[in-house]
Amino acid sequence: MSEPEANPEPLDFVRQIVEDDNTSGKWQGKVHTRFPPEPNGYLHVGHAKAICLNFGIAAENGGLCNLRFDDTNPEKEDVEYVESIKEDIRWLGFDWEDRLFFASDYFEQLYEWAEQLIRDEKAYVCSLPLEEIRSGRGTPSEPGTDSPFRTRSVADNLDLFHRMRAGEFEEGEHVLRAKIDMSHQVMLLRDPIMYRIRKVEHHRTGDKWCIYPTYDFTHGQSDSIEGITHSICTLEFENRRPLYDWYCEYLKIHHPQQIEFNRLNLTYTLMSKRRLLELVNSGFVSGWDDPRMPTISGLRRRGYTPQSIRNLCATVGVTKHNAVTDMVVLENQIREELNQTADRRMVVLDPLKVVITNYPEGESEELDAVNNPEDASAGSRKVPFGRELFIEREDFMEDPPRKFFRLGPEREVRLRWAYFLKCNDVVKNDAGEITEIHCTYDVDTKGGNAPDGRKVKATLHWVSAAESVPLTVRLYDHLFVTEDPDDTEDESGSWQDNLNQDSLKTLTAQAEPSLAAAEAGYRCQFERKGYFVVDQDSTTDERVFNRIVTLKDAWARAKKKK
RNA sequence: AACCCGAUAGUGUAAUGGUAACACAACAGAUUUUGGUUCUGUUAUUCCAGGUUCGAGUCCUGGUCGGGUUGCCA
């Protein structure tokens, strides 16, 4: 009766926990997750993994996923970030429906809970200066010492805490601390800070508050208020789980389970919001959405699709050990998608003039070119052909090495969708540089096939010199020259030393006319060169194309090996 | 020298005590009007030492290596 299932997709360890909980009835079959960004920067592809995980698990289990901003540090946060984060999540294809929340909406409740802990003698106002709180905490191997204010009466604590809120004290004069254990082996449990005084305007609450709760005193309770079942976060919060549990336990509130997974890292880039902000501020990149940035907005502008990013997140897996995924895994996702869906177009990035000496002067014709060999429904288009063309400079060599299949003196190649072409002569300037080449074409090979069955070893892309249109093309490369930005030559070096100074090259290319009217966001393949997208900087006079990714290039690889 | 977490081909993951596998990368070949795509094949893996067991990547003990913890950041 019960046939074994045909290779069920293996569950990652987080999904396994969720499934086990559903089986045991731990949460009565309920699954409720959340994605809790701090609005202090733009989302990056590492966040995409968390988004896919949280929204994905909810969807797969008939549950819900909230969007909650963890906005407890007004000094670094801003509405600009709130809006960009919402846009990026929507663009990725996820929907929080009516469940948009802010931790700052819970400030009043949090304040009451703080009072409750004071009354329960689980919290106290500590009036030690910052340095003394730090030194009093000890080190991982030596216990800390109790604050002299640890024994303050409940009445005094309540009074002081109220006056903190009322703004009677300056920043740093007092903090509220949990009373746990100053000699605990887990440093975090040595009377952690719950509230600090910050006389700073908050992007949502304005000047209503001058005391702000810390992450630890906010996050678990926010989860609790929202009825979260599985609080999924990254590995660096592992150490904080005891405190998450402590607050839920002593507050006697709904207690979600925190589960930590490994964040996404990619080679040749970095995922630190602080460092990405530095890159933006330094001007090395044009902004958070610079197409070299690993931000969602950067990848979007680079031409990546939501599907390609979701596919990456599905591919990398979810475990508990620090992993670095090769950038080519991301690149392959967009290549795979665009190979199926993108139009092919001919664009010459580095033009070399070709004169076809046996083509009648003053004449031209239109040839049929297939739009996408992977998709017959994409149809075909007309491309103009004439006596003078441009081909890619690197597709011609006067003295070709052994494995070079492209054009050379007395060699014959195919012009894509056009004719066979043979080179007869090379014209140079005084400096010895090739300025143009003279060729003849075989009129019987129209469309690219020889009736006599002869073969050529290469097919080149080309454009008509008279009818091509100029395009601004931005060639992007890795942000860093090393796989690991921190891998500096000497120890005094910094990650900035590894920035790729050649990560952006701008040039003017010659394109077939059909590209003159391409609209922002249009993606296509420049045949033999890569996938490109029209950038938002385009104007009616100037089309700007960003290179999303190159094609795989066996010839380039062979050259590099030598 | 304290505590927490981790370790499986080059990279990322699977194997839920029972034949170590998949994807990407690399390499070789076939096909090809993109040196693209597609197809075929090859190379290569359980950190170490003990223990439990008929049987250990998986369980136990010890070690090694890596990451994290000493913010009034999240």
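No hydrogens, no waters, no symmetry mates; every other heavy atom, side chains included, goes into these values. A, B, ... follow the sequence lines: proteins, then strands. Residue 1 opens every chain.
- Taking the side chain of A:Thr319 as heavy atoms from C-beta on, and the options B:rC4, B:rA74, B:rU13, the nearest nucleotide is B:rU13.
- Judged by a 6.0 Å distance limit and a 45° cone about the ring axis, A:Arg165 is positioned over the six-membered ring of A:Tyr111.
- Phosphate contact (OP1/OP2 of B:rC72, side-chain N/O of A:Arg137, threshold under 4.0 Å): present.
- A:Thr72 comes within contact range of the sugar-phosphate backbone alone, with a heavy-atom separation under 4.0 Å but no base atom that close.
- A:Thr482 and A:Asp484 form no side-chain donor-acceptor contact under 3.5 Å, judged by distance and modelled atom types alone.
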Using a 3.5 Å cut-off and no angle test, enumerate the donor-acceptor pairs between side-chain atoms of residues 320-331 of chain A and protein atoms at least two apart in sequence or in another chain.
{"from": "A:Lys320", "atom 1": "NZ", "to": "A:Glu238", "atom 2": "OE2", "distance (Å)": "3.0"}
{"from": "A:Asp326", "atom 1": "OD1", "to": "A:Val328", "atom 2": "N", "distance (Å)": "3.2"}

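- Residue A:Arg134 has a polar side-chain atom (N or O) positioned under 4.0 Å from OP1 or OP2 of B:rG71.
- Taking the nucleotide of RNA chain B with the nearest heavy atom to each of A:Leu415 and A:Asp70, the more 5' of the two is matched to A:Leu415.
- The NZ-P distance, from A:Lys552 to B:rC27, rounds to 12 Å in whole Å.
- Counting to the nearest Å, the P atom of B:rU8 and the CG atom of A:Asn262 are 12 Å from each other.
- Atom name C1', nucleotides B:rU31 and B:rC22: the rounded distance is 26 Å, in whole Å.
- Heavy atoms of A:Ile133 sit under 4.0 angstrom from at least one base atom.
- A gap of 49 Å separates the P atoms of B:rA56 and B:rA74, to the nearest Å.
- Remark: A:Asn332 is in phosphate contact with B:rA25, judged by side-chain N or O atoms under 4.0 Å from OP1 or OP2.
- You'll find that the side chain of A:Glu38 is closest to B:rC73, out of B:rU34, B:rG35, B:rC73.
- For A:Tyr215 and B:rA74, the ring-to-base geometry does not satisfy the stacking test (centroid distance below 5.5 Å, interplanar angle below 30°).
- Counted by atom type alone, A:Gln258 and A:Glu260 present one or more donor-acceptor pairs between their side chains at under 3.5 Å.
- Put simply, the side chain of A:Glu483 and the base of B:rG10 share no donor and acceptor less than 3.5 Å apart.
- For A:Asp553 and B:rG35, a side-chain-to-base donor-acceptor distance below 3.5 Å is absent, hydrogens and geometry of angles not being considered.
- Among the protein residues, A:Lys273 comes within range of no part of the nucleic acid, since none of its heavy atoms lies under 4.0 Å from any strand.
- For A:Arg528 and A:Asp395, the salt-bridge test passes: some basic side-chain N is under 4.0 Å from an acidic carboxylate O.
- Side-chain atoms of A:Gln525 come within donor-acceptor range of the base of B:rU34, with a qualifying N/O pair under 3.5 Å.
- For A:His461, there are no ring-ring contact (aromatic ring centres under 6.0 Å, His included) partners, not counting sequence neighbours.
- In this structure, of B:rU69, B:rA74, B:rA14, it is B:rA74 that holds the atom nearest to the side chain of A:Glu236.
- The side chain of A:His321 contributes an N or O atom lying less than 4.0 Å from OP1 or OP2 of B:rU13.
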Determine, stepwise, if the pair A:Lys529 / A:Glu394 fulfils salt bridge (Lys or Arg N to Asp or Glu O under 4.0 Å).
-> CA-CA 12 Å; A:Lys529 289 279 123 189; A:Glu394 65 170 16; 2.7 Å; yes
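- Going from atom CG of A:Asn311 over to atom C1' of B:rC24 covers 14 Å, rounded to whole Å.
- Along RNA chain B, the nucleotide nearest to A:Lys457 and the one nearest to A:Phe13 differ in position, and the one closer to the 5' end is contacted by A:Phe13.
- For A:Cys248, the side chain to side chain contact (heavy atoms under 4.5 Å, CB included) criterion is met by A:Tyr244, A:Ile253, A:His255, A:Pro256, not counting sequence neighbours.
- Paired regions of RNA chain B, where each region holds three or more successive Watson-Crick or G-U pairs whose two hydrogen-bonding distances fall under 3.5 Å, are B:2-7 with B:64-69, B:10-13 with B:21-24, B:26-30 with B:38-42, B:47-51 with B:59-63.
- Atom C1' of nucleotide B:rA23 and atom CZ of A:Arg335 are separated by 16 Å, given to the nearest angstrom.
- Counting any heavy atom pair closer than 4.0 Å across all strands shown, A:Pro373 reaches a base atom.
- With a glycosidic angle no more than 90° from 0, B:rG71 adopts the syn conformation.
- Between B:rC73 and A:Arg196, a contact under 4.0 Å exists linking OP1 or OP2 to a side-chain N or O.
- Taking 4.0 angstrom as the limit, A:Arg240 places none of its side-chain polar atoms (N or O) nearer than this to OP1 or OP2 of B:rC4.
- Atom name C1', nucleotides B:rA21 and B:rG57: the rounded distance is 12 Å, in whole Å.
- Taking atom CG of residue A:Asp326 and atom P of nucleotide B:rC24, one finds them 13 Å apart after rounding to whole Å.
- B:rC59 and B:rA7 have their P atoms separated by 10 Å, given to the nearest Å.
- Remark: the A:Arg152 side chain and the A:Ser127 side chain contain an N/O donor-acceptor pair separated by less than 3.5 Å.
- The distance from atom CG of A:Asn322 to atom P of B:rU13 is 10 Å, rounded to the nearest whole Å.
- Separating the CG atom of A:Asp486 from the P atom of B:rG67 is a distance of 11 Å, rounded to the nearest angstrom.
- Under the 4.0 Å criterion applied to side-chain N and carboxylate O atoms, A:Lys76 and A:Glu38 are not assigned as salt-bridge partners.
- In this structure, A:Arg204 satisfies the cation-pi test against A:Phe102, with its NZ or CZ atom closer than 6.0 Å to the six-membered ring centre and inside 45 degrees of the ring normal.
- Interface remark: the A:Arg406 side chain does form a donor-acceptor pair with the B:rG35 base, using a distance-only criterion of under 3.5 Å.
- Comparing the C1' positions of B:rC5 and B:rG41 gives an interatomic distance of 41 Å, to the nearest angstrom.
- Listed nucleotides B:rA74, B:rU34, B:rA2 differ in distance to A:Ser141; the shortest reach to its side chain belongs to B:rA2.
- Residue A:Arg528 has a polar side-chain atom (N or O) positioned under 4.0 Å from OP1 or OP2 of B:rG35.
- Side-chain contact annotation: A:Thr305 with A:Gln307, donor-acceptor N/O pair under 3.5 Å absent.
- Between the CZ atom of A:Phe237 and the C1' atom of B:rC3 there is a distance of 19 Å, given to the nearest Å.
- The salt bridge (Lys or Arg N to Asp or Glu O under 4.0 Å) search around A:Lys382 returns A:Asp368, not counting sequence neighbours.
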Collect all protein-nucleotide pairs involving nucleotides 56-65 of chain B in which both atoms are nitrogen or oxygen and the distance is under 3.5 Å.
none

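- Going from the P atom of B:rG17 to that of B:rC27 covers 39 Å, rounded to whole Å.
- Residue A:Arg344 places none of its side-chain N or O atoms closer than 4.0 Å to OP1 or OP2 of B:rU37.
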